[in-house]
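FYI, side chains are in, hydrogens and waters are out, and symmetry mates aren't considered; it's all heavy atoms of this structure. All values derive from a computational prediction rather than experimental measurement. Below, chain A is the first sequence line, B the second, and so on; all start at residue 1.
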Amino acid sequence: MTMEKVFDHTKVEKAIYEAWERSGAFAPQVLDFRREKRGKQKPYTILMPPPNANASLHAGHGMYTIDDILIRWKRMQGYAAQWIPGRDHAGFETQFVYEKHLAKEGKSRLDFDRQTLYNNIAKFVEDNSGLIFEQFRRLGFSADWSRSVFTLDPYVLTQVFTTFKKMESEGLVYRGDYLVQYCPHCGTSLAELEILHEEREDKLYYIKYKIKGTDEYVTVATVRPETMFGDSAVAVHPTDKRYRKLVGKELELPLTTRAIPIIADEMVDTEFGTGAVKITPAHDANDFAAGQRHNLPIINVVNQLGRMVLPNDAAPREIDGMKVKAAREKTVEELQKIGAIEKIDEHYNHSVTVCYKCKRDMEPMTVPNWYIKVETLKPPVVTAIKKKQTKFYPAKFEKQILDWMAIMHDWPISRQVAWGIRIPAWYAVGKSANQPASLSANQRIHVTFLDKNKKPVSGQVGELLQTYPLEEIEKGLQTLTAPIDAKYVVSEMKPGEGYLQETDTFDTWFSSGQWPLVTLHDDEYATRYPTDTMATMVDILKIWVSRMMMFGLYVRGEVPFRNVYLWPAVVDGKGQKMSKSKGNVVNPIELVDKYGADALRMALLFGNGEGGKVPLSEDKVRAMRNFGNKIWNMSRFFLLMQEKSEIQDLRFMIQENKLKNEDKEMLKQLNDVIKKMTTLLEKFRFSEAADTIYEFVWHAVADVYIEHVKSREDKGVALSVLQHVLFTSLKLLHPFMPFVTEAIWKEINPEGGMLIVAEWPIVK
RNA sequence: GGCCGCUUAGCUCAGCUGGUAGAGCGUCCGGUUUACAUCCGGCAGGUCGGGGGUUCAAGUCCCUCAGCGGCCACCA
């Protein structure tokens, strides 16, 4: 009898974890089941959603417990259960963090050439890497660490290139001067899912545009008067009687020498404003679409730094180069001078787009970007979901993803950040490039680079090459912006001399979206693809899960996973979102230090249902720690009784004719619990399963049956029943609370062996 | 504006296919003779958001109102 009075997690967790790892249980050999060495072992595969490589553990990561429960449960059921981990380079996210770091040193990304910036970030990530997997180990996660994948591993780069090449050769890749949401502060365009909308009160300006050749006006309303320099038209509704006669006439654009047409388009809401809308195709998504319909010119008046670029026909030259907000005030001032402001609505409520990362205003603008056509990629996903080839838990998310697929637009996959997988496209610009085609468009490629004296230089490459050798440009290259008609070749390696590579990188989700295609080995597709379950946080359903399905079906013709389980946000004990500013951030490792990994894991599940938020409070963690201690002491009681009874082996004493009613009732309840636990896990109802085993162990076994055993005359029979119930309970609880159950198993199991590989109970 | 969800004990939340209201934490009272005070027993506390309907029976189904939340769209 060696068990301490109180279970002390700090004394056992490390040793138990190391024993698990040594046992090889985390890394079942693929060949084992293929050669049927271990009987009829079937594969069960979960791919770990890769955390950001430079991240450290936050409370949300605790939910990976769900993956671990599944893996441990399936392992016990005899599957070759493998949980494949990995880390994401998280391009834009990571560069953002790094740039904040730079800012503290008074530097910015613009101080470095692209390659140096990349190397510095790589170093930064390397220095901050590895911590999170150590923390995952603390939580008891039984992933196969030996085959961890990083999204910048050479193998991943090759796979991502292969997919891109396939898409490009099948016409799914295009470059477009399409309207993107651009964050001037972060220096990159973002996809529609990365943009936030923010309600705001702004001024709505009513501006008079004079009808050419008359003294009459058409008034348009706008919150962005400074973009008027890029107006290409004014639109009215085709049925609007007020304006019908004016369609086709021209308006004099104030503060310029230009005239713009009045066009009719159904996009106009006759109820709003004046019923006449200024159309600025370069800086508004709706206007861009209208511009396409009416073949209007695109006039960019805001550049990627968020500064005005005034066309030559515009009069107030001092506005040129101003930042957008200053330009707005100046423009209004100028308009007022000429009496073109009809009125200003001071309290206009509308929503603006802001960067999800830095929260600053986005600038819609037309910038050359790389796009993926999704029309042909979407239908297989929709079909597969409708055929239930992939099922969603909770079920409501099936509708959410289908809704998303229905409205998903072409995907801009290029980001103007250095930290990422550089788009494998090469532009021939030098004299030695073996490109017979006309290079005139390529000569217009705009580059920014640091020359040999580290001075920034920018301009069109054709002109710059008169002064600088290509090698100098390439070495100091910061950014390259190619016109959409530029010629390029797709190649993983530099295709020859005289080429400059695209400086844009792939959207992180372009690579992580191929997670199921970069984590499995070639010989595993036959057995482990589709993988079994993808369990991840709900907020990346659309941005990640849908993309994985798209790529999986496109490249392999089959869904990447059979089940998707989505967990909600972890919030504080009061149901409030955790945030640094509120000061309510819970550090999971502190809780693990204090109460043990089992307690934290169980606290994330117990009493939470499926679908809602997951409140995490220290009170609950403590309660779960107490539960671990409870079962520890139940086992301790059992051992004491067994010692007293002097029976060496109780296992063969369960005989039907000796059992009392209490024993039969206990065994019946046990069987019910086995069935219920198995069913609940099959249905992905983890919380209810946790509640079930808790309730059974504490209130049925400890409170009732153990109290009953104390008064039994025939201790042998009762103890044999208790032993069976305890052993079985430990197995049922193990996926949830692996450490304490394993520790107890070591103390009381006469046969030896580890609980992690014990058989999941079945009702005989 | 569209879709989805939520509103149950002081707090945070469970209650799956309708059949006499639950857990954890907290409060109060009482318990240390040999598994556990990280324990045990017990009390208190809810007209299950309001209203209407279906049913022998509704927290559980339907309608409606109110409040809250999430996602999405639009907003010149």
Q. Is any side-chain N or O of Arg622(A) under 3.5 Å from a base N or O of U38(B), one able to act as donor and the other as acceptor?
A.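 Under the 3.5 Å cut-off, the side chain and the base do not form any donor-acceptor pair.
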(Q) On RNA chain B, compare the nucleotides closest to His350(A) and Asp572(A); which residue's is nearer the 5' end? (A)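 That would be Asp572(A).
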Q: Please figure out whether Lys620(A) or Asp403(A) has its closest RNA chain B nucleotide nearer the 5' end.
A: Asp403(A)
Q. Which residue pairs satisfy the ring pair (Phe, Tyr, Trp, His ring centres under 6.0 Å) criterion with at least one member in residues 278-300 of chain A, sequence neighbours excluded?
A.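 Qualifying pairs: Tyr178(A)-Phe288(A).
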**Q.** Tyr705(A) ring center near His708(A) ring center (under 6.0 Å)
**A.**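 Here the rings of His708(A) and Tyr705(A) have centres that are less than 6.0 Å from each other.
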What's the closest nucleotide to the side chain of [X] if the choices are [options]?
X         : options                : answer
Asp691(A) : A35(B), C16(B), A14(B) : A14(B)
Asn608(A) : A76(B), C4(B), C13(B)  : C13(B)
Phe606(A) : A35(B), G24(B), C13(B) : G24(B)

Q. When all nucleic acid strands are considered with a 4.0 Å heavy-atom cut-off, which category describes Gly607(A): base, sugar-phosphate, or nothing?
A.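 Contact class for Gly607(A): sugar-phosphate only.
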Q.
Tell me the closest heavy-atom pair linking Ala690(A) and Leu605(A), and the distance in Å.
A.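 That would be CB-CB, 4.0 Å.
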(Q) Please convert RNA chain B into dot-bracket. A pair counts if it is Watson-Crick or G-U wobble with both distances under 3.5 Å; crossing pairs go in [ ] and bases paired with another strand get |. (A) (((((((..((((.....[..))))..((((.......))))......(((((..]....))))))))))))....
(Q) Quick check against the 3.5 Å criterion: does Arg601(A) have a side-chain atom that pairs as donor or acceptor with the backbone of Phe736(A)? (A)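 Yes: the side chain of Arg601(A) pairs with the backbone of Phe736(A).
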**Q.** Gly716(A) backbone acceptor or donor facing Asp714(A) side chain under 3.5 Å
**A.** no
(Q) If you count every heavy atom of other residues, nucleotides or ligands that lies below 6.0 Å from Lys378(A) atom NZ, does the total exceed 12? (A)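 Yes, the 6.0 Å shell around NZ holds more than 12 heavy atoms from other groups.
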